[in-house]
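Everything below concerns the one structure shown next.
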Amino acid sequence: MRYLRIPLGFLLLVLTFVIGVVGRDTLHERWLIENAKQIRPGMSESEVTTILGSPTSRHMSDITGVYWCYGSDSFQDRADYCGEVEIEMSSTRPGRVLKVLPIIP
């Protein structure tokens, strides 16, 4: 029993960490979805960042402009992950929102 203390303690530490991170990510995703409902087409970049903060990532598009992605999945690669909220920013009216797209049900 004495030799099981360290592995069991380490396992408990890892499980606590994983559960904490997943819980934080879940709460943050809910917060993003609720606040993204305030974003409307035509809003400026500064209005969006005031409501949601800086985007997790930005993706260029040849057709419309830039996609701002918001997410918090700590276990995904940020380059491939866009999260719960995606905002399409205009190239014809720089710095303005075209549409808000929820991308993960």
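Every heavy atom of this structure was used, including side-chain atoms; hydrogens, water molecules and symmetry mates were not.
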Can L4 be reached from L11 by stepping across I, L, V, M, F, W or Y side chains whose heavy atoms are under 4.5 Å apart?
no
Please tell me if the side chains of [X] and [Y] come closer than 4.5 Å, counting only heavy atoms from C-beta onward.
X: I51; Y: M43; value: yes
X: R24; Y: L27; value: no
X: M89; Y: Y67; value: no
X: L98; Y: I87; value: no
X: W68; Y: E45; value: yes

Is there a donor-acceptor contact under 3.5 Å from the side chain of Y70 to the main chain of G53?
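Yes, the answer is positive, given that a donor and an acceptor are paired below the 3.5 Å cut-off.
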Does the E29 side chain pair with the main chain of T26, one donor and one acceptor, at a distance under 3.5 Å?
no
Would you mind telling me which of L12, L13, V14, V18 makes a side chain to side chain contact (heavy atoms under 4.5 Å, CB included) with T16?
L12
Checking side chain to side chain contact (heavy atoms under 4.5 Å, CB included) against E34, which of R30, Q38, K37 comes through?
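Among R30, Q38, K37, the one meeting side chain to side chain contact (heavy atoms under 4.5 Å, CB included) with E34 is K37.
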Around atom CD1 of I6, are there more than 12 heavy atoms of other residues, nucleotides or ligands at under 6.0 Å?
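Atom CD1 in I6 is not crowded, with 12 or fewer foreign heavy atoms closer than 6.0 Å.
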